[in-house]
Amino acid sequence: MSNPMTPAQWRTALKAEGVRFTEYDGWTTRGRDAATGKPFGPVHGSLNHHTAGSNSLKAVAVDGRPALPPPLAHAYLPKTGILSMVSCHRANHAGLAAKNVVDAITAEKPLPKQNKASTVDGNDCLYGIETENLGDGKDTYTREQYDAWVRYNAAICRHHGWGAGSVAGHLETSVEGKVDPRGPVEGYGKRGRFTFSMTQLRADVAERLAHPASWNPDGTNQEDNDMPAPADVWKADVIDAAPPPYNNSDWDAGNKKWNAGYALATTMLTGRKVEKKVDTLTDLVKQLATKVDSLTAQLGK
């Protein structure tokens, strides 16, 4: 049994694991706790979903779906691999879960087939992430997306002292026939294209947890891939979490400052990549000019 992570703990864990992330306004106070009268936690595991749609951030964070109020997860992961935190409280994502499976997740034992006769509310005790994918078995998870997905789950497990056995998919807990997550993956680390499975995701999370949080699956140092960080980008890490329900107005100002810093860092990184491409193209033009001069001289002769 573990208490849900606070905003400060989320920031620290994600940053340490190398997850690039941003914060959707209001994520530190958004949740279904008050509306349901059921506080989130204690938590037992991390549940993974696909969105079955595209550009779903707003739906996951604030719009919800018919008969299903938001938030629909704690985090949203688009194709870019840049995670968005949308809630740190109770979220509508798991629905009814087979009790025997939740018990196995808690004990980190192999997951059994769902016993549909005995259920629990998975929203009470499971973190949820919605990863952008159509779920049609054809739409591909990008390399950046899957890498962030592994890191996100590892960050949660490392914080709580859990193993990869605490990571599950909606298709493994649902008693309503859910099939997510599924689909092809572009690649991960030095691995090429493969088909997503929870067995593989757990194996990749376990591999990551066997290394320091700074480890990269491609053998490079995390520092090589870090975004430039202006002085204020990570300043939110040192803010102490306000007591539940995190309704301190200082959080909103902190979130906006963090988002602005993150946007600046992303712009700086993009600018550097563009500069490198320009330099490369300039060298190519010089090489071509030299060849043209040589051919011109030969033709002249």
Side-chain angles (χ1 to χ4, degrees), residues 43-54 56 59-60 64-68 71-79 83 86-87 90-142 145-154 156-157 162-186 188 191 193-208:
V43 287
H44 301 308
S46 173
L47 194 63
N48 295 268
H49 309 260
H50 65 227
T51 59
S54 56
S56 305
V60 172
R65 296 200 300 269
L68 192 63
L72 304 185
H74 297 94
Y76 168 77
L77 182 58
K79 300 281 190 178
L83 186 83
V86 300
S87 174
R90 184 183 177 85
N92 276 331
H93 70 97
L96 289 178
K99 184 178 184 301
N100 65 326
V101 177
V102 174
D103 288 344
I105 293 171
T106 304
E108 296 192 4
K109 294 181 177 180
L111 302 186
K113 184 177 180 179
Q114 300 97 313
N115 176 8
K116 298 182 180 181
S118 179
T119 61
V120 296
D121 188 342
N123 298 328
D124 291 344
C125 58
L126 298 171
Y127 294 113
I129 179 172
E130 286 281 358
T131 301
E132 183 182 326
N133 190 277
L134 296 177
D136 58 3
K138 300 177 182 179
D139 190 20
T140 301
Y141 297 103
T142 67
Q145 190 177 28
Y146 187 81
D147 181 77
W149 205 352
V150 174
R151 291 174 189 266
Y152 163 88
N153 280 282
I156 292 174
C157 291
W162 298 340
S166 293
V167 176
H170 201 193
L171 77 170
E172 297 173 314
T173 63
S174 173
V175 296
E176 302 168 305
K178 301 295 185 182
V179 299
D180 59 314
R182 66 179 180 181
V185 183
E186 183 181 22
Y188 172 67
R191 187 191 315 152
R193 190 179 180 88
F194 63 97
T195 299
F196 178 91
S197 72
M198 284 307 306
T199 298
Q200 186 63 65
L201 180 62
R202 279 188 286 269
D204 291 333
V205 172
E207 179 188 31
R208 180 161 196 87

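If you read the sequence from its start, that first residue is 1, and numbering goes on from there.
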So, the side chain of [X] versus the backbone of [Y]: is there a donor-acceptor pair under 3.5 Å, distance only?
X: T142; Y: Q145; answer: yes
X: N48; Y: G169; answer: no
X: D204; Y: V150; answer: no
X: Q114; Y: S174; answer: yes

Contact summary for [X] and [Y], nearest pair of heavy atoms:
X: V167; Y: C157; value: CG2-SG, 3.8 Å
X: A168; Y: T173; value: CB-CG2, 4.3 Å
X: Y152; Y: S46; value: CE2-OG, 3.9 Å
X: N123; Y: G95; value: OD1-N, 3.4 Å
X: V86; Y: A73; value: CG2-O, 3.2 Å
X: R208; Y: A154; value: CD-CB, 3.7 Å

Residues that Y76 engages under ring-ring contact (aromatic ring centres under 6.0 Å, His included), provided they are two or more places apart: none
Residues that H93 engages under ring-ring contact (aromatic ring centres under 6.0 Å, His included), provided they are two or more places apart: H49, H74
Qualifying salt bridge (charged side-chain N to carboxylate O under 4.0 Å, His left out) pairs, either residue in residues 104-121, two or more places apart: K38-D121, R90-D121
Any pair counted as salt bridge (charged side-chain N to carboxylate O under 4.0 Å, His left out), so long as it reaches residues 169-184, sequence neighbours left out: E172-R202
Which distance, rounded to the nearest 0.5 Å, do you find between the [atom1] of [X] and the [atom2] of [Y]?
X: T51; Y: L134; atom1: OG1; atom2: CG; result: 7.0 Å
X: I129; Y: I156; atom1: CD1; atom2: CD1; result: 7.5 Å
X: K79; Y: Y141; atom1: NZ; atom2: OH; result: 7.5 Å
X: L201; Y: N153; atom1: CG; atom2: CG; result: 5.5 Å

Residues in side-chain contact (heavy atoms from CB on, under 4.5 Å) contact with D147, at least two apart in sequence or another chain: R151, Y188, P217
Results of side-chain contact (heavy atoms from CB on, under 4.5 Å) for A148 - residues two or more places apart only: L77
Counting C-beta onward and ignoring hydrogens, is there a side-chain heavy-atom pair between [X] and [Y] closer than 4.5 Å?
X: R193; Y: T140; result: yes
X: P181; Y: N133; result: no
X: W162; Y: V43; result: yes
X: L47; Y: H170; result: yes

Parallel, tilted or perpendicular, as decided by the 30° and 60° cut-offs, for the rings of W149 and F196: parallel
side-chain contact (heavy atoms from CB on, under 4.5 Å) between M198 and L171, intermediate numbers included: CA-CA 9 Å; M198 284 307 306; L171 77 170; 4.0 Å; yes
Check against side-chain contact (heavy atoms from CB on, under 4.5 Å), H44 and D103: CA-CA 9 Å; H44 301 308; D103 288 344; over 6 Å; no
